[in-house]
Amino acid sequence: MARPFGVYVHYPYCTHRCPYCDFAVTTERPPGAGRYARAVRAELGLRAPAFEGLSLRSVYLGGGTPSLWDADELRDVLAAVRDRFGLPGGAEVTLEVNPESSDPARLEAWRAAGVNRISVGAQSFDPGVLAKLGRRHGPERAEQAIREAAAAIGNVSVDLIYGARRSSVETARRDAERAVEAGAVHVSAYALTLDPDVMAEEVPLARMRREGRLPLPSDEDALAQAAALRAALRRLGLRRYEISNFARPGRESVHNGLYWRHESYLGLGAGAYGCRRGDAGSVRYGNLRDAGAWLATVEAGRLPTAEEDRIDARADRNERLMLALRTRDGAPLAALGPAQTREAADLVRHRLAVRRDGALVLTSRGLDLHSAISERLFE
Ligand code: SF4
């Protein structure tokens, strides 16, 4: 049977740059007259041959702020993806939206274009946390956007950030509760991470952190916030199925599930990443991050690749193991070699993992140590 894959489309335009963001984004005006959508379709034509023979399961429109994208252009891109690969009826099509660029009319246009899942970038419902994150929306707008999306489309995920300035155990718990009360059936919750060495010039909060001018909650505080958030979601019926992701049963993300199951993904747009898995290893590519350079390259008929890594079979097996350990399904015990099996037994002895249904599954304490545990198990 054909292996599954997903398509990720990156829309890099934002009205302003949030001070913690190191994604491939620009605050330049989007090119008008359908130019970005045409270029995405052109890149699809260039990259599609490498993904022939796979079976498309999901499309994810992320950014940036793809909710700023003209709905007709978005519809044309989805239609082109569907024409090229076919998409089973009901397959997951997710659109990321910012609360300030979502309203009932746009939701209806997105639904008509084929979007059946909305991911709302709420981040928090606490006005102090939102202000320190430099977000433009207030708590009420975020709640309203979730309610409207739940009414129009039904399948709504909410992004939350904890461990930020002004975050506390109380704000983390309330954020989880307010997201679900407003209608979220899925929550992605991440600690604020600011790498002081990466893109520090473009990311003001990372620069402040490097210069010691940004007081953040301690690691212990952030862990306590994460625990409070998890407990609230569990109480409300959302199960943790991956380190940072929670869902009502049956509402787990199909698209992200492909990443965690080590399947291929075709990335399109400025700054997008893609990966073609194969028996002998994988080929991962990253597109030009600069939107103008990406447009010019695609319009000249060339692949807009900025970087390409060939991952050999052993590194690929390690990556597969690391990704599987992020999830509630865990890593198949049968795939472990003798040394890895001994390590696994040690993890079980220390209650960092359990054996369940033929898989090694990290416990809650083990998930907190996921990176270190994965490295211990690497071939
Ligand atoms: S809206 Fe999202 S993608 Fe755009 S700058 Fe803010 S965090 Fe980054």
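Sequential numbering from 1 along the given sequence is applied to the chain's residues. In listed order, ligands and their atoms are each counted from 1. Please read all numbers here as calculations on a predicted model, not as lab measurements. No hydrogens, no waters, no symmetry mates; every other heavy atom, side chains included, goes into these values.
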Quiz item: cation-pi between Arg47 and Tyr285, 6.0 Å / 45°: yes
Report, as yes or no, whether the 6.0 Å neighbourhood of atom CG on Asp312 holds more than 12 heavy atoms from other residues, nucleotides or ligands. yes
Does ligand 1 have any atom that is closer than 4.0 Å to a heavy atom of Gly64? yes
Is atom CZ of Arg240 surrounded by more than 12 heavy atoms (other residues, nucleotides or ligands) closer than 6.0 Å? yes
At less than 4.0 angstrom from any non-hydrogen atom of Val25, what atoms of ligand 1 do you find? 3 (S)
Need the ligand 1 atom indices (1-based, order shown) with element for anything under 4.0 Å from a heavy-atom of Asn98. 1 (S)
To which of Arg17, Arg136, Glu100, Arg135 does the heavy atom nearest atom 7 (S) of ligand 1 belong? Arg135
Give the intermediate values and the outcome of side chain to side chain donor-acceptor pair (under 3.5 Å) for residues Arg17 and Thr27. CA-CA 7 Å; Arg17 184 182 264 279; Thr27 53; over 6 Å; no
Ser124 vs Asp175, test: side chain to side chain donor-acceptor pair (under 3.5 Å). Steps then yes/no. CA-CA 6 Å; Ser124 177; Asp175 283 349; 2.9 Å; yes
Would you check if atom 8 (Fe) of ligand 1 lies under 2.8 Å from any N, O or S atom of Cys18? no
For atom 8 (Fe) of ligand 1, find the nearest protein heavy atom and state the residue, atom name and distance (0.1 Å precision). Cys21 SG, 2.4 Å
Out of the candidates Val59, Leu78, Val81, only one should pair with Leu87 under the side-chain contact (heavy atoms from CB on, under 4.5 Å) rule; please name it. Val59
What are the atoms of ligand 1, with element, lying closer than 4.0 Å to any heavy atom of His16? 5 (S)
Considering only non-hydrogen protein atoms, determine which one is nearest to atom 4 (Fe) of ligand 1 and report residue, atom name and distance to 0.1 Å. Cys14 SG, 2.3 Å
